[in-house]
Amino acid sequence: MDVNQREKARDYLHKTGRFIVIGGIISPVHDSYGKPGLVPSRHRLTMCQLAVQSSDWIRVDPWECYQDTWQTTCSVLEHHRDLMKRVTGCILSNVNTPSTTPVIGQPQNTTPPIYQNNNTANKPTAIKLWGKVSESLGKICCVRPHVERFTFVDENANLGTAMRYEEIELRILLLCGSDLLESFCIPGLWNESDMEVIVGDFGIVVVPRDGADTERIMNHSSVLRKHKDNIIVVKDDLNHPMSIVSSTKSRLALQHGDGHVVDYLSQPVIDYILQSQLYINASG
């Protein structure tokens with residue numbers, strides 16, 4: 001999924017009136033995932049970083065790549081949830097057990113919350129929060145490999161006197177294409193308890209692939225049906241499901257010299273792919 005599609009997904013979430021998106025995280029999968037044609041993580045991390053270099057809200061996190069082995073989607077989500085809690089001190093929302101604490105982006109029909117600090121300039125906001133998170137993440141650099149632009153927080157690090165926003169409740173959502181959603185319907189592919197946590201506790205934002213019937217997909221799985229309210233399907237201005245450009249389509253365009261590849265990938269990413277001679281084989 002390209003950065004432009006992530007921007008559209010964020011815009012759609014804002015339009016629903018239910019959310020304010022304060023940041024996005026791209027977490028490339030571990031090398032041992034085993035997908036045919038998966039290039040080494042050092043290349044994927046660099047391409048992702050080049051793709052988001054002009055974004056002020058999306059960052060690339062290498063934690064998943066740097067683990068000893070492949071991590072499940074559930075464990076990656078839980079890692080980022082725990083990490084955000086440590087850095088910000090915020091309550092991280094479980095959609096099944098909502099707190100009385102105001103949720104970012106959730107309309108409040110009651111009396112505005114009373115903050116510990118009565119100075120309105122110091123009240124926690126989405127922008128302030130993400131700025132503090134990014135600042136804290138940027139202060140603690142990864143030990144391996146020696147690539148300065150990739151940073152993440154060591155769980156054992158002392159975060160010191162990080163600013164705390166006790167009054168804000170955060171939610172982490174999984175952004176994916178409808179192909180991943182459909183994979184939940186394949187018997188034995190996903191651990192049942194992991195599916196419950198991913199859809200039930202976190203929630204999913206789905207950007208459909210061409211022709212995908214997300215309603216049919218959701219009705220085909222008992223877990224998806226159960227947590228249907230936690231699945232948000234991104235739609236365009238005409239309320240039609242918005243289609244994404246798959247990574248497979250991008251690789252095929254590169255292999256065949258299709259000039260339309262510029263519609264899928266930014267020029268810095270294309271230049272890096274060509275310089276590194278990636279995806280030049282049919283198995284790409």
Rounded distance (nearest 0.5 Å) linking atom [atom1] of [X] with atom [atom2] of [Y]:
X	Y	atom1	atom2	value
L174	L181	CG	CG	9.5 Å
R10	F19	CZ	CZ	15.0 Å
M195	C74	CE	SG	11.5 Å
R18	I232	CZ	CD1	4.5 Å
I25	L77	CD1	CG	9.5 Å
N230	I198	CG	CD1	12.5 Å

Measure the shortest side-chain to side-chain distance between [X] and [Y] over non-hydrogen atoms and say whether it is less than 4.5 angstrom.
X	Y	value
M47	L265	no
Y12	V233	no
S27	H79	no
L45	C65	yes
T72	N191	no
K8	V207	no
N219	K228	yes
L50	S266	no

Identify, with sequence neighbours excluded, every residue that meets side-chain hydrogen bond (donor to acceptor under 3.5 Å, both in side chains) alongside [X].
X	result
S41	D31
S54	none
Q53	none
T16	none

For [X] versus [Y], what's the shortest heavy-atom pair and its separation?
X	Y	answer
S32	W70	OG-N, 3.0 Å
Q71	T69	NE2-O, 3.2 Å
C48	I26	SG-CG2, 3.8 Å
R59	H80	NH2-ND1, 4.5 Å
S178	I217	O-CD1, 4.0 Å
L224	C185	CD1-SG, 4.3 Å

Salt bridge (Lys or Arg N to Asp or Glu O under 4.0 Å) partners for E182, two or more places apart: R216

Checking S55 now: which residues fulfil side chain to side chain contact (heavy atoms under 4.5 Å, CB included) with it, not counting sequence neighbours?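 Here the qualifying residues are E7, V52, W57, I58.
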
Ignoring hydrogens and geometry, is there a side-chain-to-backbone donor-acceptor pair from R44 to V29 under 3.5 Å?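 Yes, R44 side chain to V29 backbone: donor-acceptor pair under 3.5 Å.
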
Is it true that H220 and F184 have ring centroids separated by less than 6.0 Å?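 So the answer is no for these two rings.
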
